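Everything numeric here is computed off the predicted structure, so don't read it as measured data. Keep in mind that the numbers below use all heavy atoms, side chains included, and drop hydrogens, waters and symmetry copies.
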Amino acid sequence: MTVIHTDLVLPCLNEAAALPWVLSRLPEGYRAIVVDNGSTDGSAEIAAAAGAQVVHETRRGFGAAAHAGLLAATAPMIAFCDADASMDPSELPLVVDPVRAGTADLVLGRRRPVTAKSWPLHARLANSSLSWRLRRITGVNIHDLGPMRAARRESVLNLDLRDRRSGYPLEMFLKAAEANWRILEVDTTYSPRVGRSKVTGTVRGTLTAINDMSALLRETRR
């Protein structure tokens with residue numbers, strides 16, 4: 001019997017086309033928790049058929065879905081990853097193993113695009129600007145607020161994360177840095193996503209992310 005050491009949280013909104021590939025790439029010892037955030041394309045049914053644990057979160061927002069997955073997890077380790085096939089779950093040990101080994105408290109996957117189409121220029125520039133601000137604020141040598149990340153589940157719960165929209169990953173990083181966590185960045189591949197992005201692919205999504213993260217940064221500077 002396989003021992004599950006890591007629960008992988010996959011926030012999901014209409015990712016039916018990507019989920020079969022994503023769920024097929026999980027390494028041994030990992031369990032997928034797909035948090036359906038109001039999909040209308042059968043994503044939840046596809047995830048359940050593939051053997052994933054499915055959690056339903058009716059409150060819209062990346063943070064709401066990610067946190068619902070965190071609360072549903074039971075494994076010692078928790079990892080997060082997008083469900084759109086832009087990141088390869090087979091690379092999860094790159095971010096999980098340093099935490100399991102006790103050499104880091106939070107590991108972020110630094111996205112390395114495999115093609116120019118993987119990461120639109122405007123999104124890449126915005127990420128570079130954010131990373132520069134975070135280095136100045138926290139002193140942590142970060143170059144990408146990567147969606148693929150891992151930490152110990154109880155430690156993340158103790159951060160008492162409150163954001164339920166696009167600022168959730170940023171709040172996790174800021175609170176981890178404030179708590180003097182050992183934060184490590186490792187390279188992970190980044191491919192063109194399947195389907196349209198809910199953030200960089202839409203004006204509304206981009207503005208929401210900018211507003212959410214800007215509010216957190218203003219709060220940090222106080």
Side-chain angles (χ1 to χ4, degrees), residues 1-13 15-37 39 43-57 62-112 114 144-159 161 168-169 172-173 176 181-191 193-195:
M1 181 178 178
T2 301
V3 176
I4 301 299
H5 57 72
T6 302
D7 279 327
L8 171 64
V9 176
L10 293 159
C12 174
L13 177 59
E15 303 290 4
L19 278 173
W21 182 85
V22 171
L23 295 174
S24 72
R25 303 287 290 176
L26 259 67
E28 187 174 355
Y30 291 74
R31 172 174 51 207
I33 300 177
V34 174
V35 184
D36 187 73
N37 204 204
S39 298
S43 289
E45 291 77 14
I46 290 172
Q53 178 180 343
V54 177
V55 174
H56 295 275
E57 175 53 66
F62 177 86
H67 201 71
L70 172 64
L71 294 179
T74 56
M77 301 291 305
I78 189 79
F80 298 87
C81 181
D82 288 348
D84 58 12
S86 61
M87 286 161 266
D88 188 348
S90 71
E91 295 185 342
L92 280 166
L94 295 174
V95 297
V96 171
D97 286 355
V99 183
R100 292 186 70 198
T103 58
D105 301 308
L106 173 65
V107 180
L108 306 176
R110 182 180 182 181
R111 290 168 285 185
R112 296 295 194 177
V114 298
D144 179 19
L145 193 67
M148 183 182 282
R149 54 184 57 198
R152 294 198 175 276
R153 178 176 56 85
E154 286 294 335
S155 297
V156 178
L157 286 170
N158 289 337
L159 290 178
L161 301 175
Y168 191 86
M172 184 186 300
F173 171 81
W181 283 21
R182 295 165 298 170
I183 301 175
L184 176 66
E185 191 174 63
V186 299
D187 288 350
T188 55
T189 56
Y190 194 51
S191 303
R193 63 157 288 137
V194 174

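- To the nearest 0.5 Å, atoms CG (Asp88) and CE (Met148) are separated by 7.0 Å.
- Under a 3.5 Å cut-off, the side chain of Glu28 and the backbone N or O of Thr2 do not form any donor-acceptor pair.
- In this structure, CG in Asp97 is found 10.0 Å from CG in Leu92, a value given to the nearest 0.5 Å.
- Taking CZ of Arg182 as the start and CG of Asp105 as the end, the distance is 4.0 Å to the nearest 0.5 Å.
- In terms of heavy atoms, Ala18 sits closest to Val194 at CB-CB, 3.9 Å.
- Val96 approaches Ala150 most closely through the heavy-atom pair CG2-CB, 3.7 Å.
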Using residues 65-83 as the side-chain source, report each donor-acceptor pair under 3.5 Å to any protein atom, sequence neighbours left out, with the distance given to one decimal.
from: His67; atom 1: ND1; to: Tyr168; atom 2: OH; distance (Å): 2.9
from: His67; atom 1: NE2; to: Arg164; atom 2: NH2; distance (Å): 3.3
from: Thr74; atom 1: OG1; to: Arg31; atom 2: NH2; distance (Å): 2.9

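- Counting all heavy atoms, side chain and backbone alike, Leu159 lies closest to Ala176 at CD2-N, 4.1 Å.
- Taking Leu26 as the reference, Leu8, Tyr30, Ala32, Pro89 meet the side-chain contact (heavy atoms from CB on, under 4.5 Å) condition, with sequence neighbours excluded.
- Nearest heavy atom pair, residue Ala44 against residue His56, reads CB-CE1, 3.8 Å.
- Between Leu19 and Cys12, the shortest heavy-atom contact is CD1-SG, 4.0 Å.
- Atom-to-atom distance recorded for Leu10:CG and Asp84:CG is 10.0 Å, nearest 0.5 angstrom.
- For the atom pair CZ (Arg153) and CG (Asn158), the distance works out to 10.5 Å, reported to the nearest 0.5 Å.
- Partners of Leu184 under the side-chain contact (heavy atoms from CB on, under 4.5 Å) rule, at least two apart in sequence or in another chain, are Pro98, Ala104, Val107, Val186.
- Rounding to the nearest 0.5 angstrom, the gap separating the CZ atom in Arg152 from the CH2 atom in Trp181 is 10.5 Å.
- Within the 3.5 Å criterion, the main-chain N or O of Leu106 finds no donor-acceptor partner in the side chain of Arg149.
- Shown here for Ala50 and Leu23, the closest heavy-atom pair between the two residues is CB-CD1, 3.6 Å.
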